[in-house]
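Structure, as structure tokens:
Just so you know, these numbers use all the heavy atoms, side chains as well, and skip hydrogens, waters and symmetry mates. Protein chains get the first letters and strands the later ones, always in sequence-line order, with residue 1 at the start of each.
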Amino acid sequence: MGIAGEQKQQMGRASTFIYEWNFKNPFFFSSNEVLICRNYKGDVDMSEIDHFLPLLTQQEEEGLTCPVISHGNVHFMWIKHSNLYLVATTNKNSNASLVYSFLYKLVEVFTEYFKELEEESIQDNFVVVYELLDELMDFGFPQTTDSKILQEYITQEGNKLEVAKTKVPTTVTNAVSWRSEGIKYKKNEVFIDVIESINVLVNANGNVMSSDIVGSIKLKTMLSGMPELRLGLNDRVLFALTGRDKGKTVAMEDVKFHQCVRLSRFESDRTISFIPPDGESELMSYRINTHVKPLIWIESVIEKFSHSRVEIMVKAKGQFKKQSVANNVEVRVPVPSDADSPKFKTSTGHAKYVPEKNLVVWTIKSFPGGKEFLMRAHFGLPSVENDEAEGKPPITVKFEIPYFTVSGIQVRYMKIIEKSGYQALPWVRYITQSGDYQLRTNT
Amino acid sequence: ETNKLYCTSVKCCIFELKAELNSDKKEKKKEAVKKVIASMTVGKDVSALFPDVVNCMQTDNLELKKLVYLYLMNYAKSQPDMAIMAVNTFVKDCEDPNPLIRALAVRTMGCIRVDKITEYLCEPLRKCLKDEDPYVRKTAAVCVAKLHDINAQLVEDQGFLDTLKDLISDSNPMVVANAVAALSEISESHPNCNLLDLNPQSINKLLTALNECTEWGQIFILDCLANYTPRDDRESQSICERVTPRLSHANSAVVLSAVKVLMKFMEMLPKDLDYYGTLLKKLAPPLVTLLSAEPELQYVALRNINLIVQKRPEILKHEMKVFFVKYNDPIYVKLEKLDIMIRLASQANIAQVLAELKEYATEVDVDFVRKAVRAIGRCAIKVEQSAERCVSTLLDLIQTKVNYVVQEAIVVIKDIFRKYPNKYESVIATLCENLDSLDEPEARAAMIWIVGEYAERIDNADELLESFLEGFHDESTQVTTQQNTQVLHKHTQNTPDSDNPDLRDRGYIYWRLLSTDPVAAKEVVLAEKPLISEETDLIEPTLLEELICHIGSLASVYHKPPNAFVEGSRGVQHKRLPARTASGESAESPDAGQSVGGVSDAPPAVIPSQGDLLGDLLNLDLAPPSASVPVVPASMQMGVDLLGGGLDSLIAVGLAGGTGGMPAGLGGTPAMGGGLGDLFDLGGGVGMATGSYVPPKAVWLPAMKAKGLEISGTFARRGGGIHMDLSLTNNAMSIMTDFAIQFNRNSFGLAPAGPLQVLTPLAQNQTIDVSLPLNTNGPIMKMEPLNNLQVAVKNNIDVFYFSCQYPISLLFVEDGKMDRQVFLATWKDIPSENETQYQIKDFHLNSDAASTKLQGSNVFTVAKRTVDAQDLLYQSIKLTNGIWALAELRIQSITPNYMTRLRTRASLSLSASLWVQFAMLYDCGFLEGLDHFVVFP
């Protein structure tokens, strides 16, 4: 498998190739389009990548892109990150989900190393990039991909850290491959963030077609040594198992854990026990299928008078407790691409036209529960209409409601045990936010 | 600063770099190596610096060492002699006190694909496999797989495979994971030796390591587990129980690999077992969660869910909503979701589904909209209660007057009419209003069908059909066929004289047929109504089973078996789901008692189209009696009976044919005697009944292009061996000596088996005939055309290059006769997209003669049967590389035409080009007067 990052602007250049007669290696290509590449197995000719971009461009023109592109018996699996393409090539029946997971892992590692993954950061750090590519994968098998651990022995300032680099951190091959030994903090603390995102799809008649909650529990661990942690939630299955029945419980449809969590333990008695990675990490995520009332309800009337104007009326209603407040609410209403001369009127907040996205963005900094607000917009339309058919983008909403989870999930306890016996403090924060929050319109 | 380095280094010349590399100052050296690597990265050829860079190898500086190693990996192959210089350093580095350096050395060693070097690396590798540091051991484990890829024999001789097997019991989980990955990789190219040797003990070890290793290691182990077949349902259950916790892993790839193991092992569990139900329930949530992953991972998940829904519809039957399309989904996600929506559509959810589909049908993305309209039609056919609703939704869409929506709607309404005859004809008037806007062949064909079918209810059917006939000559075959059929159709129904001369003329031929043999005509035309299957694109059961075993892999994304797109995967067994071994289970009662609402309880059945005689035959014979026999309309029934008899005759004839390789002349019917003789004459001495086809010698290298040397030649298969028969002629003024020959890589690895034997110098104007034996052990590269061979011939004067083409029959091996049962199973197993059909025209040879003739070229007739004055020959061919091709040859005794269908497991493009070659084979010597062949879509 080979990995190639490519940059689109450079792609127009025609590749030069040199042909030589050679019985072992009949073709030599050299091109200067690929930003960096690593041939892990040597079974795919590196020049095959030359076919990738033309094929992708062709697919784009036909409007039918696909994450797998094949050319002969070579298969390209690609993802795009800002203006870079990360492409894996193979001629075997590779594990496709592994490949994409790995490509996204690459992005994650590079981003943590260089802050931004872009053409310049690759060029500036090509030596480290090569080192990382070497460490992340061997002969097509992903190896160590934890960037915190990698940073212990692959550093950007090669010269300075000669001493540190003479040892492989034992963590790399340990069963606990995500946390190094000997971490020390003066004050031992864990910060727990419980973040719930609401996904809603509402059709044009105002019926909720689908809705779910995707929750995420994030940790910021500042604990010394190798602490054993146990997290207690008001999990319905756990309560049923232990015969407890007091208080509100939450039924999690599906749960996903960071690799530090002992999965078989959870499977057998629903205990969430783990040795946490140091610093920030996502401990778990869960999905809840219960029907949620959309927290911010939108009613809209969009009237389009051909060749003359568009009139938009949007009503937003906070369908959550009066004590709570939604912050940074943004209601994004689509408008035709040829609309002009916007006029707005809002009962609160302010509306702004974003022509490059064909949107009106109505922002309300603070939106108390139970309240209702109104926004009107008026646009002119040219007398000569745009021929191109336009899609029907939905209205989308963004918001954040702190100190509150829709599902009612609660952290009941976080037990922290370390052999040195220190006392540690867990801190918990709750927040609910919009996820994929779409309301279809009639026009 | 480095950025500047990166950009300017391209301009930096080799000479300057050379000087810097040989500098005494460490820093300068390092910077120079960096520049070299930077140049390499941007594609500049810096191989000229090889010795200078290798000189920098012996350094304590780890960063510099890594860079030099990187350089080595890139250029060692092109400088094998110089690469030897690096060996000493590798050996030394493998004993360095720093494990990072030991590992780096062993990792890099394996990437240097130079034969000469590999031998020297065995000892260091052996040490590293036993290293005290697990980081070195895990790296060494992978190195074994690398080495095996370069020189498999060496790895086996050195006993590395055993060491690797021992590493499965290593105390370190990462070492175990890499050992598993390496062994799995090696066993892929060695399907015969039981490398992994999975048994309950080793499985237990793997399951323990599963809890401890990294996410990637878990994937290696799960993928390896999926190849194991538990002894009984109990073992199967206990493995499942230990794998299910992986469904909660944050990495989608771990989840999908776990799903694969579970889907496979579940097959062994009795359905009345409580655990079976529990497991089914456990699978749905993680599959749904995969849809929150990144779009590319969603795509892989959706392609796999598509398979899972076909295999076990009960798992996701309540999860319709999660497949609703979102506006910002990428197009590939949208299309896949739509596909799954259709599969999950049931009476319980149809209202919601239809509302959604209608919404999608008003989007702007043409492909998506078309598919949505089609989906509405599929719903109507799948859920009878919804048909009316679907029809009215479609009519609403037709009212939008969006051209492609209208055409698509008409196509699906035709299908609905076919499924529910005489029910919705009230909408015909609306359809007829849109006649003018139909410009796509499929839509026109559909409309013609509708008009013809309901001719008696449409007052002006004649006029309407006539309006289509105006463009008769411009129409595609699809429409034309439909037209003729329908015009005739109308006649068989009404039989009145048409006042319209045009129409009368067009239908005249059919009319004649009608009057001479009305029964036959009715059969031909009316029976042609293709049947509608409940679902689209259903994957045939055997392929589906195989794909389930490949969940998560490219095969599951393409919905194709791996050997359809991976070249050189010869001899690889098809993966199969394990058979149920539970005792006391009542014989196959598919899903009985699971029919509570929702998805149809019986597995959806594909109703084969009538043309697929063999397909029917196989269904009747090999498939276990299924509880869900598709409803077969009357017109179909007759065909089935016919085939019932056909099966017997296939086997009977096959048995008779199996005993004798007797020449056709003896057994053949004398009726065609004359034609037969002609053909043998035509063969021109080469085509004896038992000999293989040899094309006449052709000039490959004209003298003017080769300084006087002229080469002509041909290829022949003799006594099981391949020969290149050459004539070398010296047209130059001096004698020629020192002949040698080499081939470039080619599609089938053809290579000279020995040197070119020109013992005496070739004098002026002398011609010498040489026969060069060939083997197929050479390097492989796909050529265009497939049978192209590039050759270099050297003599004392110069080296000359030419290319020639060999007949594909050269590669047909003598043991290419497939067992009849295997043939039947294999034919069925090969997806129909791997099939190519050809018509060979004007061919006057009876089936027995053709059979013998073809056998001479190792095209073996496995079975023969006769149906409706057609002889059907089933033939098998095996190529030197192990690829099998199966063919069905239909010979009509009335018309001198041959219809052939060819199936091969090789990739589609390969099979197509193979078949072109195959057809050319006929063209060259077997069939007289063949001037073209017709490809059927």
Side-chain angles (χ1 to χ4, degrees), chain A residues 23 26 30-32 36 42 63-68 72-73 75 79 92-98 100-101 104 120 123-124 126-127 130-131 138-139 141-142 158 165-166 168 172-173 175 177 201 209-210 214 253-259 263-264 266-267 287 389-394 436 438, chain B residues 2-3 6 34 41-43 45 62-63 66 70 98-100 107 113 134-135 138 142 145-146 172-174 181 211-212 214-216 219 244-245 248 250-253 256 285-286 289 292 294 296-297 299-300 321 324 326-327 331-332 363-364 367 552-555 557 562 566-567 742 744-745:
Chain A
F23 287 99
S30 96
S31 70
N32 45 12
I36 204 151
L64 281 172
T65 52
C66 183
V68 194
N73 54 353
H75 311 275
I79 64 168
K92 299 260 160 53
N93 180 30
S94 305
N95 185 329
S97 52
L98 177 141
Y100 292 115
S101 285
Y104 276 103
E120 218 166 65
Q123 289 177 339
D124 285 356
F126 72 96
V127 175
Y130 274 129
E131 280 190 61
D138 195 6
F139 203 53
F141 309 130
K165 280 170 77 180
T166 55
V168 195
V172 173
T173 51
S177 62
L201 179 63
M209 301 302 290
S210 66
V214 175
E253 172 86 6
D254 189 30
V255 194
K256 292 280 177 277
F257 291 107
H258 185 278
Q259 65 167 327
L263 295 181
S264 30
F266 179 76
E267 180 81 6
R287 191 166 50 77
E390 281 182 31
K392 298 200 303 178
D436 204 345
Q438 306 190 355
Chain B
T2 25
N3 186 30
Y6 191 97
K34 271 192 189 176
T41 305
V42 295
D45 183 10
L62 189 56
E63 195 188 4
K66 280 185 180 175
L70 189 68
N98 183 348
L100 270 180
R107 184 166 60 210
R113 305 176 66 89
Y135 182 76
K138 71 129 186 158
V142 176
K146 293 178 184 169
N172 185 289
M174 191 112 172
N211 288 324
E212 293 178 337
T214 67
E215 48 200 313
W216 312 110
I219 299 171
T244 34
S248 298
N251 188 323
S252 304
L256 220 45
T289 305
S292 331
E294 287 84 3
E296 294 82 5
L297 282 161
Y299 175 70
V300 176
K321 284 180 173 185
F324 286 170
K326 298 202 169 135
Y327 182 77
I331 181 71
Y332 52 83
E363 274 292 342
V364 287
D367 293 286
S553 74
L554 270 181
V557 174
V566 177
E567 244 165 77
Q742 261 181 301
N744 194 9
R745 293 173 176 211

### Message
Heavy-atom pairs under 4.5 Å with chain A - which of B:Glu296, B:Met174, B:Glu294 has more of them than the others?
### Response
B:Glu296

### Task
Answer whether the closest heavy-atom distance between the side chains of B:Asn172 and B:Tyr135 falls below 4.5 Å.
no

### Message
Only pairs of heavy atoms separated by less than 4.5 Å count here; which of B:Glu215, B:Lys321, B:Lys146 has the most with chain A?
### Response
B:Lys146

### Query
Looking at side-chain heavy atoms only, is the closest gap between B:Asn251 and A:Tyr104 below 4.5 Å?
no

### Task
Give a yes or no on whether the backbone of B:Val566 and the side-chain of A:Asn73 come within a donor-acceptor separation of less than 3.5 Å.
no

### Message
Which atoms of A:Gln438 are under 4.5 Å from chain B, going by heavy atoms: the side chain, the backbone, both sets, or neither?
### Response
side chain

### Query
Passes salt bridge (Lys or Arg N to Asp or Glu O under 4.0 Å), B:Lys138 versus A:Asp138? Steps please.
CA-CA 10 Å; B:Lys138 71 129 186 158; A:Asp138 195 6; over 6 Å; no

### Derivation and outcome, side-chain hydrogen bond (donor to acceptor under 3.5 Å, both in side chains), residues B:Thr41 and A:Tyr130
CA-CA 10 Å; B:Thr41 305; A:Tyr130 274 129; 2.6 Å; yes

#### Entry: Heavy-atom pair count under 4.5 Å with chain B, highest-scoring of A:Glu253, A:Met209, A:Lys92, A:His258
A:Met209

#### Entry: A:Arg287 and A:Lys256, any side-chain heavy atoms less than 4.5 Å apart
no

### Query
Which region of A:Phe257, side chain (C-beta onward) or backbone (N, CA, C, O), has a non-hydrogen atom less than 4.5 Å from a non-hydrogen atom of chain B, or is it both or neither?
both

### Query
Using non-hydrogen atoms only, which part of A:Ser177 is less than 4.5 Å away from chain B: side chain, backbone, both, or neither?
side chain

### Task
Name the region of A:Ile79, side chain, backbone, both or neither, that has any atom closer than 4.5 Å to a heavy atom of chain B.
both

